*Asks:* 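Please find one structure pasted underneath; my questions will follow.
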Amino acid sequence: MRYIVFNKPYGVLSQFTDEDTGHPTLSLYINVPDVYAAGRLDRDSEGLLLLTDDGSLIKRLTDPKHHMEKTYWVMVEGDPTQDRLTQLERGVQLKEYRTLPAKTRLLPDPNLPPRPKPVTPHGPTSWIEIKLREGKKRQIRHMTAAVGLPTLRLVRVAIGRIKLGNLPSGIWRDLTQNEIGLLKR
């Protein structure tokens, strides 16, 4: 079995083929046969993406009933007051569902490389860390918007105990045996 961690750049699709959209895909970065992304990051999000040919692990990582915690660093526009962070922590009512409780904290500006398409805020910005145990389509963007903090940049930095660390954008590596063990526990 093969287990890979990849630092997905901004603008790249979390799949190996493109349905004629003209966007770059994983195939530009990863030339390993028969591995698939265990979950997704939308095109505008960056960071940790796990890929494997272990179908049972993909199912476990993507099945909501297992509630694997994922950690994101989120640049938001506006003032992330304690009240707004508490709303995120308790769960936010979105159109079709209420999100599960999340963990949040304010972050100092992380040392991240600039994005190819610069962020263009219209006001003050802040960074918050959000830890979720679910992952619906564009969930963090919807959650932060619902509490008046539009997301400007979104970087996944951990899945469970697997961390992105200092892996450069666009680079992948095989997981260590220890990391594989952490994922399978």
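Quantities reported herein were computed from a predicted structural model and do not represent experimental measurements.
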*Asks:* Taking all non-hydrogen atoms of both residues into account, name the closest pair between Asp42 and Arg141 and its distance.
*Replies:* OD2-NE, 3.3 Å

*Asks:* Pair Tyr72, Gln139 - check side-chain contact (heavy atoms from CB on, under 4.5 Å), show working.
*Replies:* CA-CA 12 Å; Tyr72 301 85; Gln139 180 174 341; over 6 Å; no

*Asks:* Mind checking whether Leu49 and Ile4 sit in one hydrophobic cluster, side chains of I, L, V, M, F, W, Y counted as touching below 4.5 Å?
*Replies:*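 Leu49 and Ile4: one cluster.
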
*Asks:* Report the residue from Arg105, Lys70, Lys103 that forms a salt bridge (Lys or Arg N to Asp or Glu O under 4.0 Å) with Glu129.
*Replies:* Arg105

*Asks:* Measure the shortest side-chain to side-chain distance between Thr52 and Leu175 over non-hydrogen atoms and say whether it is less than 4.5 angstrom.
*Replies:* no

*Asks:* What are the two closest heavy atoms between Leu94 and Ala146, and how far apart are they?
*Replies:* CD2-CB, 4.0 Å

*Asks:* Would you call the rings of Tyr36 and Phe16 parallel, tilted or perpendicular, taking 30° and 60° as the class edges?
*Replies:*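 Answer is perpendicular, since the angle exceeds 60°.
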
*Asks:* Quick one about Thr151 and Arg138 (side-chain donor to acceptor, distance below 3.5 Å, no hydrogens or angles considered), yes or no?
*Replies:* no

*Asks:* Go through it in stages, so that I can follow the logic: the residues are Asn7 and Ile171, the test is side-chain contact (heavy atoms from CB on, under 4.5 Å), and I'd like the CA-CA distance, side-chain angles, deciding distance and then a yes or no.
*Replies:* CA-CA 6 Å; Asn7 188 348; Ile171 302 298; 5.8 Å; no

*Asks:* Could you tell me if the side chain of Arg156 sits less than 4.5 Å from the side chain of Leu164, heavy atoms only?
*Replies:*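 Result no, sub-4.5 Å side-chain heavy-atom pair not found.
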
*Asks:* Are Met143 and Leu132 packed together at the side-chain level, in the sense that at least one heavy-atom pair is separated by less than 4.5 angstrom?
*Replies:*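 Result yes, sub-4.5 Å side-chain heavy-atom pair found.
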
*Asks:* A quick test of your reading: do over 12 heavy atoms of other residues, nucleotides or ligands sit less than 6.0 Å from CZ of Arg173?
*Replies:* yes

